[in-house]
Amino acid sequence: MRKIIIDTDPGIDDAAALTIALNNPELKVEMLSTVAGNVNLDYTTENAKKILDFFKKDTPLAKGNSLPMLREYEDASQFHGETGMNGFDFPGSKRELLPEHAAVEMKNRILASEEKVTLVTIGPLTNAALLLSMYPEVKQKLAEVVIMGGSTIDGNTNTSAEFNIKVDPHAAQMVINSGLPVTIFGLRVTTRALLTKTDIEKVKTLGRAGEMLYSLFTHYRGGDLEKAGLMMHDICTICYLLKPEIFKFQQTQLEVAVDGPAAGTTVADLAGRYTAAKNVKLAVEIDQKQFRDWMLAEISQLK
Ligand code: RIB
Ligand code: CA
């Protein structure tokens with residue numbers, strides 16, 4: 001069983017990733033932490049509470065940063081709805097939060113863990129950067145950082161920058177250059193992690209979790225249900241932890257632009273033309289059918 005911490009900005013595709021991660025017996029989610037991203041921190045935190053309540057999990061939850069390190073905060077509510085999880089009527093939550101900032105709570109759990117912990121980030125990397133800069137001693141207890149973010153193809157905020165990195169490029173640069181093993185899923189792969197209309201109709205038949213996800217997916221604007229399908233960006237990180245053979249990777253040097261019009265853009269030296277350094281394991285291919293089969297199988301096993 002792999003111990004993981006997930007930093008998230010739910011967010012409809014986050015909700016799908018959390019659904020699988022919280023319920024798969026091969027993963028032990030030590031805690032969740034929330035960050036401002038798809039929607040503001042209050043909404044992302046409420047949404048994380050609702051997902052935990054829906055699955056009756058006692059997973060600790062900590063609230064993180066409401067703002068990026070330096071840049072002005074921008075949201076993605078146009079894709080996820082005003083609350084970030086429009087589409088399903090979750091009851092209000094009375095769940096208590098952990099008392100400290102996410103970076104402090106992550107530090108406490110990582111240092112207290114016997115075995116190494118895997119940090120999974122599926123939103124802007126502000127909390128992860130704060131953790132590593134405030135408490136560098138956690139690095140010896142982190143097995144890997146698994147990131148959904150970046151792009152070596154087009155962007156989804158402008159022609160080149162992917163949202164999670166665009167919101168906080170300074171934080172992304174700090175984590176990617178932390179010296180830790182980093183595995184990163186950018187748009188080259190996550191835009192091909194698609195659920196078609198037929199898949200979504202199948203999801204609807206998969207119990208109460210399937211009904212909930214179906215309601216969210218029909219309100220999610222990350223892709224086009226009538227054409228290619230919906231992009232399951234964040235769940236690629238969880239799929240990698242459980243079924244890595246679905247992907248192909250290349251070790252490469254990835255740089256992040258932090259200023260000017262290209263801020264948030266990630267550039268990979270894929271040909272190894274400019275440096276011998278290789279700071280990330282970059283996902284470069286996905287077996288689309290195996291991904292769809294895996295996701296439907298995971299949802300069908302939920303209680
Ligand atoms: O660009 C896709 C990423 O931005 C995903 O994590 C999605 O949830 C949004 O946060
Ligand atoms: Ca996300």
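Below, all heavy atoms of this structure are taken into account, side chains as well, without hydrogens, waters or symmetry copies. Every number for a ligand or one of its atoms is a count from 1 in the order of the listing.
Shown in contact with M148 at under 4.0 Å from a heavy atom are these atoms of ligand 1, numbered in order with element: 2 (C), 3 (C), 5 (C), 6 (O). Near H233, the atoms of ligand 1 lying under 4.0 angstrom from a non-hydrogen atom of the residue are 2 (C). Each of the atoms 8 (O) of ligand 1 lies under 4.0 Å from some heavy atom of D14. The I122 neighbourhood of ligand 1 comprises atoms 6 (O), with distances under 4.0 Å to a heavy atom of that residue. Close contacts of ligand 1 with E162, meaning ligand atoms under 4.0 Å from a residue heavy atom, involve 1 (O), 2 (C), 3 (C), 4 (O). Close contacts of ligand 1 with N38, meaning ligand atoms under 4.0 Å from a residue heavy atom, involve 7 (C), 8 (O), 9 (C), 10 (O). Distances below 4.0 Å separate heavy atoms of D234 from the following atoms of ligand 1: 5 (C), 6 (O), 7 (C), 8 (O). Counting the atoms of ligand 1 from 1 in the order shown, those under 4.0 Å from a heavy atom of D9 are 10 (O).
Under 3.0 Å from the Ca ion (ligand 2) lies an N/O/S atom of I122, whether from backbone or side chain.
With T126 as the partner, the side-chain hydrogen bond (donor to acceptor under 3.5 Å, both in side chains) test is satisfied by one option alone out of D7, N65, D168: D168.
Ring centroids of F79 and F163 are separated by 6.0 Å or more, keeping the two rings apart.
Here the shortest heavy-atom distance to atom 7 (C) of ligand 1, taken over T191, V39, D13, T44, belongs to D13.
Angle subtended at the Ca ion (ligand 2) by D14 OD1 and D234 OD2: 70°, rounded to 10 degrees.
Ring geometry for F185 versus Y240: interplanar angle of 30 to 60°, hence tilted. Relative ring orientation between Y220 and H80 is described as tilted, the plane-to-plane angle lying within the 30° to 60° band.
Atom-to-atom distance recorded for L213:CG and L206:CG is 9.0 Å, nearest 0.5 angstrom.
Side-chain contact, N279 with N177: a donor N or O sits under 3.5 Å from an acceptor N or O.
Shortest distance from the Ca ion (ligand 2) to D9 is reached at OD1 (N/O/S atoms only).
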